[in-house]
Novice: 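Here it is: the structure, laid out below.
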Amino acid sequence: MPWTIEANAQHPVVEVTMSGLIPPPDLARLRSELFTVANRLQRTCLLSDCSDLEGGCTELELLEHAQDVAADPQFCFHKEAVVVPVDPALLREVILWREAAARRGIRVELFQDRRSALAWLLGT
C-alpha cells in the first residue's frame, strides 16, 4: 500500500502518510480505511502527510473525491492538516483539494512540515 494510517499515541489525531501514486480506486479504499480507524478511536483531527506523494488523480477526480468525502456518512473529521508534497508541481493539486474541501465545509490547512501541522491541529 502506498499509505500508512496510525493513531497518534500522544494526541487525538489520526495520521495518514501517503507516497507514490494513488489513483482514484485506491483513494476510495484509503478513505474507507481512514474513516473506519477514526470512528473506532473517536478521533476528529487528521494529519495527512503528502510529502512523498507523486500524484495519481486528475483535477476532476480530486473534485469528485472531495464530494465523496463530504457525502460519506462515516466522515468524522473537524479539521485536516496537510503536509504538502516535496514536488512543487503537485502543490496545485493540494491547493485544489483544500479549496474543494472548503466548499463542502471541510476545514483544511496546508503546511510545510509535520510539526507545524500537528501544532495547528492541537491549537498550540
Side-chain angles (χ1 to χ4, degrees):
M1 284 296 133
W3 65 79
T4 60
I5 300 171
E6 295 181 25
N8 188 302
Q10 298 174 338
H11 305 290
V13 174
V14 174
E15 297 188 37
V16 59
T17 303
M18 295 172 259
S19 61
L21 297 172
I22 303 179
D26 289 346
L27 198 56
R29 194 165 62 246
L30 167 59
R31 182 181 71 242
S32 177
E33 289 177 24
L34 185 59
F35 290 179
T36 298
V37 169
N39 282 302
R40 180 171 40 87
L41 299 174
Q42 298 180 327
R43 304 286 173 94
T44 60
C45 293
L46 173 61
L47 193 158
S48 298
D49 185 343
C50 299
S51 55
D52 291 328
L53 190 63
E54 296 174 6
C57 293
T58 66
E59 289 184 8
L60 178 59
E61 290 165 339
L62 281 175
L63 294 172
E64 289 171 350
H65 179 67
Q67 183 174 338
D68 293 344
V69 166
D72 193 317
Q74 288 196 70
F75 179 74
C76 61
F77 294 111
H78 293 292
K79 56 186 178 177
E80 177 184 11
V82 176
V83 179
V84 298
V86 173
D87 183 351
L90 294 175
L91 185 57
R92 178 172 163 73
E93 291 179 21
V94 177
I95 291 170
L96 176 66
W97 165 250
R98 180 186 63 194
E99 292 170 356
R103 284 194 298 274
R104 290 159 178 83
I106 303 167
R107 189 172 174 199
V108 177
E109 291 295 333
L110 307 181
F111 299 89
Q112 296 296 318
D113 60 81
R114 182 185 174 281
R115 183 185 54 76
S116 299
L118 190 56
W120 177 77
L121 285 172
L122 300 175
T124 58

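Please read all numbers here as calculations on a predicted model, not as lab measurements.
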Novice: Check whether any side-chain heavy atom of Met18 sits under 4.5 Å from a side-chain heavy atom of Leu30, and report yes or no.
Specialist: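 Yes; the side chains approach each other to less than 4.5 Å.
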Novice: How long is the span from the CD1 atom in Ile5 to the OG atom in Ser48, to the nearest 0.5 Å?
Specialist: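 It is 9.5 Å, given to the nearest 0.5 Å.
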Novice: I need the minimum non-hydrogen distance between Phe77 and Ala38, along with the two atoms involved.
Specialist: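 Minimum heavy-atom separation between Phe77 and Ala38: CZ-CB, 3.4 Å.
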Novice: Quick one: CG on Leu53 to CG on Leu21, what's the gap to the nearest 0.5 Å?
Specialist: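 Answer rounded to 0.5 Å: 8.0 Å.
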Novice: Mind checking the CG-CG spacing from Leu96 to Leu62? Nearest 0.5 Å is all I need.
Specialist: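 Reported value, rounded in 0.5 Å steps: 5.5 Å.
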Novice: Under 4.5 Å between side-chain heavy atoms, hopping through other hydrophobics if needed: is there a path connecting Val108 to Leu90?
Specialist: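 Looking at the clustering, Leu90 is in a separate group from Val108.
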Novice: Does Glu6 reach the side chain of Val14, with side-chain heavy atoms less than 4.5 Å apart?
Specialist: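 They are not in contact (no side-chain heavy atoms under 4.5 Å apart), so the answer is no.
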Novice: Partners of Ala70 by side-chain contact (heavy atoms from CB on, under 4.5 Å), sequence neighbours excluded?
Specialist: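 Residues passing side-chain contact (heavy atoms from CB on, under 4.5 Å) with Ala70: Arg104, Ile106.
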Novice: Is there a side-chain contact between Val94 and Pro85 (heavy atoms, below 4.5 Å)?
Specialist: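 In short, these two side chains touch, coming nearer than 4.5 Å.
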Novice: According to side-chain contact (heavy atoms from CB on, under 4.5 Å), who are the partners of Ala7, at least two apart in sequence or on a separate chain?
Specialist: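 side-chain contact (heavy atoms from CB on, under 4.5 Å) list for Ala7, sorted by chain: Leu41, Arg43.
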Novice: Do Gln67 and Leu63 have side-chain heavy atoms sitting under 4.5 Å apart?
Specialist: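 Gln67 vs Leu63: side chains apart.
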Novice: Going by the rule salt bridge (Lys or Arg N to Asp or Glu O under 4.0 Å), which residues pair with Arg92 if we only count those two or more places apart in sequence or in a different chain?
Specialist: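 Expected list: Glu59.
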Novice: State which residues pass salt bridge (Lys or Arg N to Asp or Glu O under 4.0 Å) with Asp72; sequence neighbours excluded, sorted by chain then number.
Specialist: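 With neighbours one apart ignored, the set is Arg31.
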Novice: The criterion is side chain to side chain donor-acceptor pair (under 3.5 Å); which residues satisfy it with Arg114, sequence neighbours excluded?
Specialist: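 With neighbours one apart ignored, the set is Glu15.
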Novice: Using the rule side-chain contact (heavy atoms from CB on, under 4.5 Å), only one of Asp49, Leu110, Val16 pairs with Val82; which is it?
Specialist: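 Of the listed options, the one satisfying the test is Leu110.
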Novice: If a pair satisfies ring pair (Phe, Tyr, Trp, His ring centres under 6.0 Å) and one of its residues is in residues 81-102, list it, with sequence neighbours excluded.
Specialist: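 Of all non-adjacent pairs touching residues 81-102, those that pass ring pair (Phe, Tyr, Trp, His ring centres under 6.0 Å) are His65-Trp97.
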Novice: Quick one: salt bridge (charged side-chain N to carboxylate O under 4.0 Å, His left out) pairs with a partner in residues 77-87, sequence neighbours left out?
Specialist: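 As it turns out, there is no salt bridge (charged side-chain N to carboxylate O under 4.0 Å, His left out) pair with a partner in residues 77-87 once direct neighbours are skipped.
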Novice: Only counting residues at least two apart or in another chain, list the ones meeting side chain to side chain donor-acceptor pair (under 3.5 Å) with Asn39.
Specialist: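 In terms of side chain to side chain donor-acceptor pair (under 3.5 Å), with neighbours along the sequence ignored, Asn39 is linked to no residue.
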Novice: What pair of heavy atoms forms the shortest contact from Gly56 to Pro24, and how long is it?
Specialist: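 Scanning both residues, the minimum pair turns out to be O-CD, 3.6 Å.
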Novice: Supply the members, apart from Trp120, of the Ile/Leu/Val/Met/Phe/Trp/Tyr cluster built from side-chain contacts under 4.5 Å; use none for a lone residue.
Specialist: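 Val13, Leu47, Val83, Phe111, Leu118, Leu121, Leu122, all in the cluster of Trp120.
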Novice: Side chain to side chain donor-acceptor pair (under 3.5 Å) with Thr44: which residues, sequence neighbours excluded?
Specialist: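 With sequence neighbours excluded, Thr44 shows a side chain to side chain donor-acceptor pair (under 3.5 Å) to no residue whatsoever.
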Novice: Would you please name every residue forming a salt bridge (Lys or Arg N to Asp or Glu O under 4.0 Å) with Glu61, sequence neighbours left out?
Specialist: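 So Glu61 forms no salt bridge (Lys or Arg N to Asp or Glu O under 4.0 Å) with any residue.
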Novice: Rounded to the nearest 0.5 Å, what separates atom CZ in Arg107 from atom CG in Leu46?
Specialist: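 Result: 13.5 Å between the selected atoms.
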Novice: Hey, does Ile95 have a side-chain heavy atom less than 4.5 Å from the side chain of Glu99?
Specialist: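 Of all side-chain heavy-atom pairs linking Ile95 with Glu99, at least one is under 4.5 Å.
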Novice: Side chains of Cys57 and Leu27, heavy atoms from C-beta outward: is any pair under 4.5 Å?
Specialist: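 In contact.
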Novice: Checking one residue: Val86. Which other hydrophobic residues are in its cluster under the side-chain 4.5 Å linking rule?
Specialist: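 Same cluster as Val86: nobody, lone residue.
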Novice: Decide yes or no for Trp3 and Glu33: does some side-chain heavy atom of the first lie under 4.5 Å from some side-chain heavy atom of the second?
Specialist: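 Touching, per the 4.5 Å side-chain cut-off.
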